[in-house]
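These notes concern the structure reproduced below.
Note that the coordinates shown come from a computational prediction; the quantities given were computed from them, not determined experimentally. A, B, ... follow the sequence lines: proteins, then strands. Residue 1 opens every chain.
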Protein chains: 2
Amino acid sequence: MAVHEHSTAHMDCDNCPIRHRAVCARCESDELDALNAIKYYRTYDVGQTIIWSGDHMDFVASVVEGIATLSQTMEDGRTQMVGLLLPSDFVGRPGRDHAPYDVTATTQVTMCCFRKKAFEEMMLRTPHIGQRLLEMTLDELDAAREWMLLLGRKTAREKIASLLAIMARRDASLKPQGAAGQVVFDLPLTREAMADYLGLTLETVSRQISALRKSGVIQLEGKRHVVVPDIDRLLNETGDDADGGFFG
Amino acid sequence: MAVHEHSTAHMDCDNCPIRHRAVCARCESDELDALNAIKYYRTYDVGQTIIWSGDHMDFVASVVEGIATLSQTMEDGRTQMVGLLLPSDFVGRPGRDHAPYDVTATTQVTMCCFRKKAFEEMMLRTPHIGQRLLEMTLDELDAAREWMLLLGRKTAREKIASLLAIMARRDASLKPQGAAGQVVFDLPLTREAMADYLGLTLETVSRQISALRKSGVIQLEGKRHVVVPDIDRLLNETGDDADGGFFG
DNA sequence: CGCCCAATTTGATTTCGATCAAGGTCAATC
DNA sequence: GATTGACCTTGATCGAAATCAAATTGGGCG
């Protein structure tokens with residue numbers, strides 16, 4: 001029975017890293033049952049704010065489907081995106097009860113939520129979960145630092161190319177691509193959201209995308225559908241080390 | 001005897017968060033002995049590179065004394081600082097064996113190092129350590145995100161004011177200050193290092209510091225010694241929310 | 001279908017910070 | 001006490017991105 005419950009539970013939350021990777025993977029069904037008992041799902045519409053900065057947060061959550069952003073806004077309205085949440089990413093911090101950032105749904109988003117108190121108790125009993133969370137947090141920190149290099153030192157063109165490369169990489173790992181070196185994907189962000197990601201204005205984003213199109217590095221179909229005929233040409237525009245093994 | 005050993009060990013590594021906060025605080029001397037058995041100290045001179053990006057790393061470490069920086073450099077030499085390590089900060093990542101960033105000593109630095117393999121085994125046996133590390137990593141992630149807002153959206157003047165406020169805050173928490181609202185400290189960074197922190201050139205850093213001096217927000221004695229006569233005036237220049245409780 | 005509105009593109013101009021180029025300061029060393 | 005060299009300041013100019021201001025596109029809806 002334990003095995004059967006296990007595989008059922010597996011289906012309904014495929015992307016939840018807490019259960020799926022740290023617990024499920026080891027088939028420890030007691031833990032799984034405990035997690036199932038304290039979790040619930042919520043869905044948010046495009047553009048909906050999931051959490052306001054400063055809000056009391058009594059849950060932690062994991063993105064099951066869709067894309068959400070973390071962002072910070074200054075009094076005068078300047079905003080900077082500081083996190084991009086993709087399926088399997090985790091939000092919320094055990095041991096802190098007010099949200100430090102706005103969390104907004106960029107597409108329709110489904111979250112797998114755990115009541116914070118119960119989750120914290122769970123963590124104490126189950127070292128796997130804490131370890132998995134540490135690993136994920138360290139990955140996020142590495143990503144944040146890469147992002148800092150982009151914000152502080154890259155040109156507008158390099159910023160755009162880097163963002164496109166990130167999107168391309170993500171999608172390339174999901175679906176096998178056609179011709180060698182070709183990658184096709186849809187931008188999940190508006191020009192304004194891209195600007196907030198990159199520390200630019202939306203006009204500059206638009207101009208640089210046009211420039212990359214004109215120089216043949218990318219092709220656009222509509223506003224959001226991107227064809228990258230030769231991924232290496234795009235990578236050459238990012239300013240990053242040429243011989244990265246991302247698409248190798 | 002256990003008590004005596006405890007307090008001795010306490011003395012020689014006051015700032016090590018792993019032992020001091022996570023283990024020592026609970027007076028669990030078995031754990032303490034185990035940590036003592038796998039640790040060693042190293043000292044680095046001003047300007048010395050502690051770790052090169054890409055190096056094999058067989059240790060993790062904690063800063064005992066001094067200031068070190070994490071930074072990333074692009075092929076053409078553009079450099080962005082991505083971390084500032086102060087006493088009690090941790091470097092290195094369990095489960096990864098190549099360093100992702102350059103680590104450089106900005107002042108003379110003493111590190112308390114633990115052999116990575118032994119440290120990892122220790123973590124498995126001692127949940128406190130992993131929990132403490134998670135907490136520290138989450139704090140670093142928050143700091144990185146604050147820093148992203150600075151890099152992406154603040155003006156040069158706001159960037160300088162923010163950096164000065166960070167330094168002032170750090171020093172104000174160490175020593176009690178004289179007149180109400182007055183803070184005095186020494187800059188531990190060269191103009192170039194400040195520029196790398198802020199995503200500016202050193203000339204812009206110099207000009208903006210001069211501008212803050214001319215407008216009376218700060219006073220300089222020599223190049224590095226800073227007097228902030230009214231901390232609120234400095235905070236008003238940072239662009240951050242006015243009513244932060246840092247110095248309250 | 002045609003209207004509407006948000007998203008995007010494009011153009012003209014300005015501005016902030018980068019770049020290039022001298023000087024200045026100060027502590028260490030001969 | 002002159003010389004050196006690292007660090008810092010200041011000035012002049014340039015240029016990339018911001019800002020201000022219209023168009024244009026295209027999907028959704030009455």
key: Rounded distance (Å) that lies between atom P of dT9(D) and atom NZ of Lys214(B)   = 10 Å
Leu151(A) CG - dA17(D) C1' separation (whole Å) = 15 Å
query = OH of Tyr197(A) to CD1 of Ile166(A): how many Å apart, nearest 0.5 Å?
reply = 3.5 Å
task = Grab the NZ-P distance between Lys159(B) and dC16(C) for me, whole Å please.
result = 14 Å
task = Would you kindly say whether Asp196(B) and Thr79(B) are connected by a side-chain donor-acceptor distance under 3.5 Å?
result = no
key: Student check: side-chain heavy atoms of Met148(B) and Gln72(A) closer than 4.5 Å   = no
request  = Measure the CZ-CD distance between Arg213(A) and Gln219(A) for me, rounded to the nearest 0.5 Å.
outcome  = 10.5 Å
ask   = So which of residues 193-210 of chain A are in contact with DNA chain C, with a heavy-atom cut-off of under 4.0 Å?
value = Leu202(A), Glu203(A), Ser206(A), Arg207(A), Ser210(A)
request  = May I ask you to decide if Ile67(A)'s main-chain N or O and Thr107(A)'s side chain share a donor-acceptor pair within less than 3.5 Å?
outcome  = yes
ask   = Among Glu237(A), Gln208(A), Met194(A), whose side-chain contact (heavy atoms from CB on, under 4.5 Å) with Ile160(A) holds?
value = Gln208(A)
ask   = Picking from Val205(A), Thr238(A), Leu200(A), what satisfies side-chain contact (heavy atoms from CB on, under 4.5 Å) with Lys159(A)?
value = Leu200(A)
inquiry  = Give the dot-bracket line for DNA chain C from 5' end to 3' end: parentheses for intra-strand Watson-Crick or G-U pairs under 3.5 Å, square brackets for crossings, | for inter-strand pairing, dots for unpaired.
reply    = ||||||||||||||||||||||||||||||
request  = Please confirm whether the backbone N or O of Thr104(B) pairs with a side-chain atom of Asp102(B), one donor and one acceptor, at under 3.5 Å?
outcome  = no
query = Can you check the His225(B) NE2 to dA27(C) P distance for me, whole Å?
reply = 15 Å
More than 12 heavy atoms from other groups under 6.0 Å of CD on Gln48(B) = yes
key: Separation of atom CD in Gln80(A) from atom C1' in dA18(D), rounded to whole Å   = 15 Å
Under 3.5 Å, which protein N or O atoms sit close to an N or O of nucleotides 3-7 of chain D? Give each pair with its distance.
none

Whole-Å gap separating P (dT10(D)) and CG (Leu220(B)) = 10 Å
key: Atom pair CZ (Phe90(B)) and CG (Asp139(B)), whose distance is rounded to the nearest 0.5 Å   = 14.0 Å
ask   = Rounded to whole angstrom units, what separation is found between the CD1 atom of Ile160(B) and the C1' atom of dC16(C)?
value = 14 Å
ask   = Rounded to the nearest 0.5 Å, how far does OG1 of Thr201(A) lie from CD of Glu203(A)?
value = 4.5 Å
ask   = Closest nucleotide of DNA chain D for Thr155(A) versus for Gly222(A): which of these residues is on the 5' side?
value = Thr155(A)
key: For atom CD of Glu158(B) and atom P of dC16(C), their distance in whole Å   = 12 Å
